[in-house]
Amino acid sequence: MKIQRIHIKNFKSIVDLEIIEPNPFTVFVGPNGSGKSNIFEALEFWSYFTKVNTWDFSSLFGGAEYIINRTKEVNECEFETSIERYAESKARIILGDSKNNTSGSFFHGLYTERIPDRETALDKLFSSFSRIFVKNKELQKINYSDNTRLNLSTDNLEKVLKRILQDDEKKQEIREWLDLFIPGFERVEIVSSELSSTDTLVIYEKGVQKPFTKDLLSDGTYNILALLTAVYQSDQPQFLCIEEPENGLNPYVIRKLVDFFRDACEEKGHYIWLNTHSGTLVDCLTPEEVILVDKVGGQTQIKQLKGLNLHGLDMAEAWLSGALGGGTPW
């Protein structure tokens, strides 16, 4: 599965944004408020649409009036995706113009187009889509809590991780990663209560007899667990968009996680996209892995850096100095 092109028009701060042949491991880099999250939310919106093929879910995103870009007088947003040069899909969400609407209220229409019999790759891509923003409950659209995959805020971590830990090979790999990331780590368990039908996450540390429950874990430790769970939740290729994965993590862990994400993309065929404004994370990246995000005149713009020669500069140094032409954190 290879993404050839994603084209988004008139979604929130995005007026016209096109991503061409992105790297499977890609990081969107830019300042706060530049629209990095809007890109991920547009992909989340598109994933809902490809699954249900109806507008009914739009209220989860605040309704059409909230979704359509406000910087121009437009009444539609558009998504276009091309996978492996074969599976293509196009959707146009149309709002009625109140000038032509005697009631003054908004209405909507939906136009979609797909190449017949070429939907498999596209459907697989977006059926495997997950947007992750650890502990950010307010952005969560649906509070599903099964063990299939993490929801946006990862508050169903225990159920998903419990399923994963039943696989001895994955359990050992996760234990090795946690041993690398968490000082004194011994083991992680999910303790289930038949009486209350609840699952409790506990972590044991060396030399400490009583385990630590989720409410006693540091933000960084919980974040690491959630990120590992997101990647291990499926053996099939998946499309993960993870917001600010660096939260609560020290520079060493950030660097190792970048390697972990890269390896998962190469070995499992995942697409793992991050957004960040962390210089530490950016410093681990190659130009092929970076998409700069900036906001100009209220419009989110991007710049892909594939093939860029940094002339000896570190990636973070080039970004922070403004040498890359925009998207600096101030």
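Heads up: numbering here begins at 1 and tracks the sequence.
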Original post:
What about Phe45 and Tyr144, same hydrophobic cluster or not, with Ile/Leu/Val/Met/Phe/Trp/Tyr joined at side-chain heavy-atom distances under 4.5 Å?
Top reply: yes
**OP:** Report yes if the side chains of Ile291 and Val29 come closer than 4.5 Å at any heavy-atom pair, otherwise no.
**Re:** no
Original post:
At what distance, to the nearest 0.5 angstrom, does CD1 of Ile14 lie from NZ of Lys295?
Top reply: 10.0 Å
**OP:** List the steps and the verdict of side-chain hydrogen bond (donor to acceptor under 3.5 Å, both in side chains) for Asn223 and Asp219.
**Re:** CA-CA 6 Å; Asn223 197 14; Asp219 288 343; over 6 Å; no
Original post:
Can we say Asp146 and Lys159 salt-bridge, meaning some charged N sits less than 4.0 Å from an Asp/Glu carboxylate O?
Top reply: no
Original post:
So, does Asp314 use its side chain to make a donor-acceptor pair with the main chain of Ala316 at under 3.5 Å?
Top reply: no
**OP:** Determine whether His7 and Glu18 make a side-chain contact, defined as any pair of heavy atoms from C-beta on separated by less than 4.5 Å.
**Re:** yes
**OP:** For residues Phe212 and Tyr204, establish whether the separation of their ring centroids is below 6.0 Å.
**Re:** no
Original post:
For Arg131 and Glu44, which heavy atoms make the closest approach, and how far apart are they?
Top reply: NH1-OE1, 2.8 Å
Subject >> N/O donor-acceptor pair under 3.5 Å between Arg255 side chain and Cys284 backbone >> reply: no
Original post:
Under 3.5 Å, is there a donor-acceptor pair between the Ser34 and Asp294 side chains?
Top reply: no
Original post:
Does some side-chain heavy atom of Leu43 sit less than 4.5 Å from a side-chain heavy atom of Ile6?
Top reply: yes
Original post:
Closest approach of Asn10 and Cys77, non-hydrogen atoms and distance?
Top reply: O-CB, 3.2 Å
**OP:** Give the intermediate values and the outcome of side chain to side chain contact (heavy atoms under 4.5 Å, CB included) for residues Gln140 and Asn151.
**Re:** CA-CA 8 Å; Gln140 191 158 286; Asn151 57 33; 3.1 Å; yes
Subject >> CA sep, side-chain torsions, deciding dist, call: Tyr271, Phe25, side chain to side chain contact (heavy atoms under 4.5 Å, CB included) >> reply: CA-CA 6 Å; Tyr271 270 76; Phe25 175 63; over 6 Å; no
Subject >> Atom pair CD1/OG1 of Ile164 and Thr229 - distance to nearest 0.5 Å >> reply: 5.0 Å
Subject >> Cluster link Leu150 to Ile242, ILVMFWY, side chain under 4.5 Å >> reply: yes
**OP:** Decide side-chain hydrogen bond (donor to acceptor under 3.5 Å, both in side chains) for Glu243 and Ser37; before the verdict, give the C-alpha distance in whole Å, the side-chain angles of both, and the deciding distance to 0.1 Å.
**Re:** CA-CA 7 Å; Glu243 307 229 16; Ser37 290; 2.5 Å; yes
Subject >> Test item: Leu161 and Ile174 side chains (from C-beta on) under 4.5 Å apart, heavy atoms >> reply: yes
Original post:
Which heavy-atom pair separates Leu285 from Arg262 by the least distance, and what is that distance?
Top reply: CA-NH2, 3.9 Å
Subject >> Aromatic centroids of Phe28 and Phe40 separated by under 6.0 Å >> reply: yes
Original post:
Using 4.0 Å as the upper bound for N to carboxylate O, is an ion pair formed by Asp168 and Arg175?
Top reply: no
**OP:** Indicate if Leu178 and Val134 have the same hydrophobic cluster label, given that clusters are the connected sets of ILVMFWY residues with side-chain heavy-atom separations under 4.5 angstrom.
**Re:** yes
Subject >> NZ/NE/NH1/NH2 to OD/OE distance under 4.0 Å, Glu21 and Arg5 >> reply: no
**OP:** Find out if a path of hydrophobic residues (ILVMFWY) with successive side-chain heavy-atom gaps under 4.5 Å connects Val202 to Ile182.
**Re:** no
Subject >> Short side-chain donor-acceptor distance under 3.5 Å, Ser153 and Asn136 >> reply: no
**OP:** Side-chain contact test, heavy atoms from C-beta onward, threshold under 4.5 Å: evaluate it for Glu288 versus Gln304 and give yes or no.
**Re:** no
Subject >> For the student: nearest non-hydrogen atoms of Pro237 and Gly269, plus distance >> reply: CB-O, 3.4 Å
Original post:
Roughly how far apart are Leu313 CG and Met315 CE, rounded to 0.5 Å?
Top reply: 10.0 Å
**OP:** Quick one: pull up CD1 in Ile39 and CD1 in Ile302 and give me the separation to the nearest 0.5 Å.
**Re:** 6.0 Å
**OP:** Identify whether NZ of Lys or CZ of Arg in Lys214 sits under 6.0 Å from the centre of the six-membered ring of Tyr222 and within 45° of that ring's axis.
**Re:** no
Original post:
For the rings on Tyr66 and Phe61, is their centre-to-centre separation under 6.0 Å?
Top reply: no
Subject >> Value rounded to 0.5 Å, distance of CD1 in Ile8 from OG1 in Thr300 >> reply: 10.0 Å
**OP:** Looking only at non-hydrogen atoms, find the nearest pair between Ser130 and Arg149 and report the distance.
**Re:** OG-NH1, 2.7 Å
**OP:** Look at Glu176 together with Lys171 and state whether they make a salt bridge at an N to O cut-off of under 4.0 Å.
**Re:** no
**OP:** Give the minimum heavy-atom separation between Ala318 and Leu310, together with the two atoms involved.
**Re:** CB-CD2, 4.1 Å
**OP:** Please examine the side chains of Leu225 and Leu201, heavy atoms only from C-beta on, and report whether any two atoms are closer than 4.5 Å.
**Re:** yes
Original post:
Mind checking whether Tyr232 and Val160 have side chains closer than 4.5 Å, heavy atoms only?
Top reply: no
Original post:
So Gln233 and Gln238, side-chain hydrogen bond (donor to acceptor under 3.5 Å, both in side chains) or not? Walk me through it.
Top reply: CA-CA 9 Å; Gln233 68 187 356; Gln238 54 179 334; 3.0 Å; yes
**OP:** State whether the side chain of Ser321 and the backbone N or O of Glu317 hold a donor-acceptor pair below 3.5 Å, judged by distance alone.
**Re:** yes
Subject >> salt bridge (Lys or Arg N to Asp or Glu O under 4.0 Å) between Arg163 and Asp199, intermediate numbers included >> reply: CA-CA 11 Å; Arg163 172 180 60 80; Asp199 296 313; over 6 Å; no
Subject >> Rounded distance (nearest 0.5 Å) linking atom OG of Ser128 with atom CD of Gln236 >> reply: 9.5 Å
**OP:** Determine, step by step, whether Phe11 and Asn69 satisfy the side chain to side chain contact (heavy atoms under 4.5 Å, CB included) criterion, reporting the C-alpha distance in whole Å, the side-chain angles of both residues, the deciding distance to 0.1 Å, and the verdict.
**Re:** CA-CA 5 Å; Phe11 184 94; Asn69 178 270; over 6 Å; no
Subject >> is_close_aromatic(Phe239, Trp273), centroid dist under 6.0 Å >> reply: yes
**OP:** Would you check if the side chain of Lys206 reaches a backbone N or O of Pro183 as a donor-acceptor pair within less than 3.5 Å?
**Re:** no
**OP:** Examine the side chains of Glu289 and Thr26 and answer whether a donor and an acceptor come within less than 3.5 Å of each other.
**Re:** no
Original post:
Would you call Leu180 and Lys256 a side-chain contact if the rule is heavy atoms closer than 4.5 Å?
Top reply: yes
Subject >> Expected output: side-chain Thr154 to main-chain Leu157 donor-acceptor under 3.5 Å >> reply: no
Original post:
In terms of hydrophobic clustering (I, L, V, M, F, W, Y; side-chain heavy atoms under 4.5 Å; direct or indirect links), are Ile132 and Leu281 co-clustered?
Top reply: yes
Subject >> side chain to side chain contact (heavy atoms under 4.5 Å, CB included) assessment of Thr200 paired with Ile190 >> reply: CA-CA 5 Å; Thr200 302; Ile190 306 296; over 6 Å; no
**OP:** Report the C-alpha distance between Lys141 and Glu41 in whole Å, list the side-chain angles of each, state the deciding distance to 0.1 Å, and finish with yes or no for salt bridge (Lys or Arg N to Asp or Glu O under 4.0 Å).
**Re:** CA-CA 11 Å; Lys141 308 298 188 302; Glu41 188 172 15; 3.6 Å; yes
